[in-house]
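To find a chain, count down the sequence lines: A is the first, B the second, and so on, and within it residues start at 1. From a predicted model like this one, the values you see are computed outputs, not experimental measurements.
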Amino acid sequence: ETGVTQTPRHLVMGMTNKKSLKCEQHLGHNAMYWYKQSAKKPLELMFVYNFKEQTENNSVPSRFSPECPNSSHLFLHLHTLQPEDSALYLCASSLRDQYEKLFFGSGTQLSVL
Amino acid sequence: GENVEQHPSTLSVQEGDSAVIKCTYSDSASNYFPWYKQELGKGPQLIIDIRSNVGEKKDQRIAVTLNKTAKHFSLHITETQPEDSAVYFCAASARLRSNYQLIWGAGTKLIIKP
């Protein structure tokens, strides 16, 4: 148990659906991250939040919409996704937004049909 | 852009032998180099990290070495055990636009043969 919990673990959605991924951390960290992991590719940073404020949007398409209501919770709202968006979506947290000593959740495996 | 090359993509070693995974980075200003281990069905977990002012760091059976001149860093696992089987990722800090980010390698699948 890393202290970072992601739900759901698996998600199958059609291209016209709207769904949300949830992440919660119990570590008292101030920074939270969304990463996309595709097979045999480097992790792709999507968004960074520090003290609830977005500090990084890595040119992510608008069909992905993050929300960070407080330092412990992070959401990723999904709508009108494409099949190429199928991947493992990982949430991470760290004490500060300096990318050091990241704690990852187990991820949400997303399949877009 | 900045990148991190990781080799090999797959490494198979006999239990008890040593394993070495190598990474090269492109940003000469990189100063932080973590290694993460990802087991099946889990997220990556930090196993060791090193800063650019240190050439080597050890933690029990794992060690990381850094050659700043050549922009190489390596993960060494000695006396490998079945539980070492996993995918290992290296990363290097880099300044992109106005912020620092981690640039990740593509991963090495380590297989420990009994």
Side-chain angles (χ1 to χ4, degrees), chain A residues 1-10 21-25 27 29 31-50 53-60 74 87-110, chain B residues 1-11 21 23-27 29-52 54 57 59 64 86-110:
Chain A
E1 181 60 52
T2 65
V4 180
T5 303
Q6 288 189 245
T7 54
R9 291 296 305 272
H10 303 273
L21 310 184
K22 179 182 176 182
C23 176
E24 183 174 2
Q25 58 96 359
L27 300 169
H29 289 166
M32 297 188 77
Y33 312 74
W34 279 117
Y35 279 92
K36 176 182 179 182
Q37 184 175 36
S38 303
K40 299 187 178 181
K41 291 177 66 176
L43 273 70
E44 298 175 49
L45 179 67
M46 301 177 71
F47 302 102
V48 183
Y49 280 81
N50 191 40
E53 299 299 320
Q54 188 179 111
T55 56
E56 188 69 51
N57 177 338
N58 215 23
S59 303
V60 181
L74 185 64
L88 181 68
Y89 289 84
L90 291 163
C91 172
S93 70
S94 64
L95 189 59
R96 300 184 303 267
D97 66 340
Q98 298 300 314
Y99 302 87
E100 296 185 7
K101 304 191 189 304
L102 298 174
F103 286 75
F104 284 87
S106 296
T108 295
Q109 186 66 54
L110 174 67
Chain B
E2 307 301 345
N3 72 304
V4 173
E5 298 285 339
Q6 183 171 349
H7 299 280
S9 56
T10 305
L11 178 60
I21 303 170
C23 289
T24 60
Y25 59 97
S26 57
D27 185 357
S30 295
N31 60 8
Y32 177 67
F33 307 90
W35 285 90
Y36 284 79
K37 174 184 181 182
Q38 186 173 24
E39 297 176 343
L40 201 60
K42 298 184 178 180
Q45 180 180 5
L46 178 69
I47 54 172
I48 195 167
D49 56 6
I50 192 170
R51 294 191 177 280
S52 58
V54 176
K57 185 176 179 180
D59 183 3
V64 57
V87 179
Y88 291 80
F89 293 93
C90 64
S93 62
R95 194 169 187 90
L96 296 177
R97 296 185 292 279
S98 59
N99 294 322
Y100 279 100
Q101 288 192 19
L102 277 184
I103 307 300
W104 296 80
T108 296
K109 183 176 183 179
L110 177 61

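Heavy atoms closer than 4.5 Å to chain B are found nowhere in Glu44(A), neither backbone nor side chain. With a 4.5 angstrom heavy-atom cutoff, Leu45(A) touches chain B only via side-chain atoms. Neither the backbone nor the side chain of Phe103(A) comes within contact range of chain B, judged by heavy atoms closer than 4.5 Å. Leu90(A) touches chain B through its side chain: at least one heavy atom from C-beta onward sits under 4.5 Å away, while N, CA, C and O do not. For Pro34(B), no part lies near chain A; criterion is any non-hydrogen pair under 4.5 Å.
The side-chain hydrogen bond (donor to acceptor under 3.5 Å, both in side chains) test applied to Thr108(A) returns no partner, not counting sequence neighbours. In terms of the ring-ring contact (aromatic ring centres under 6.0 Å, His included) criterion, Tyr88(B) has no residue partners (sequence neighbours excluded).
The greatest number of non-hydrogen atom pairs below 4.5 Å with chain A, out of Gln6(B), Gln101(B), Lys42(B), is found for Gln101(B). Contact count against chain A (heavy-atom pairs under 4.5 Å) is highest for Gly43(B) among Gly107(B), Ser9(B), Ala91(B), Gly43(B).
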- Take Gln38(B) and Gln37(A), measure what side-chain hydrogen bond (donor to acceptor under 3.5 Å, both in side chains) needs, and give me the verdict at the end. CA-CA 12 Å; Gln38(B) 186 173 24; Gln37(A) 184 175 36; 2.8 Å; yes
- Message: As a quick check of understanding, evaluate ring-ring contact (aromatic ring centres under 6.0 Å, His included) for Tyr32(B) and Tyr99(A), giving each step before the final call.
- Response: CA-CA 9 Å; Tyr32(B) 177 67; Tyr99(A) 302 87; 9.6 Å; no
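In summary, Asp49(B) and Lys101(A) engage in a salt bridge, as defined by a charged side-chain N under 4.0 Å from a carboxylate O.
Tested against Phe33(B) for a ring-ring contact (aromatic ring centres under 6.0 Å, His included), the candidates Phe89(B), Trp104(B), Tyr25(B) yield a single pass: Tyr25(B).
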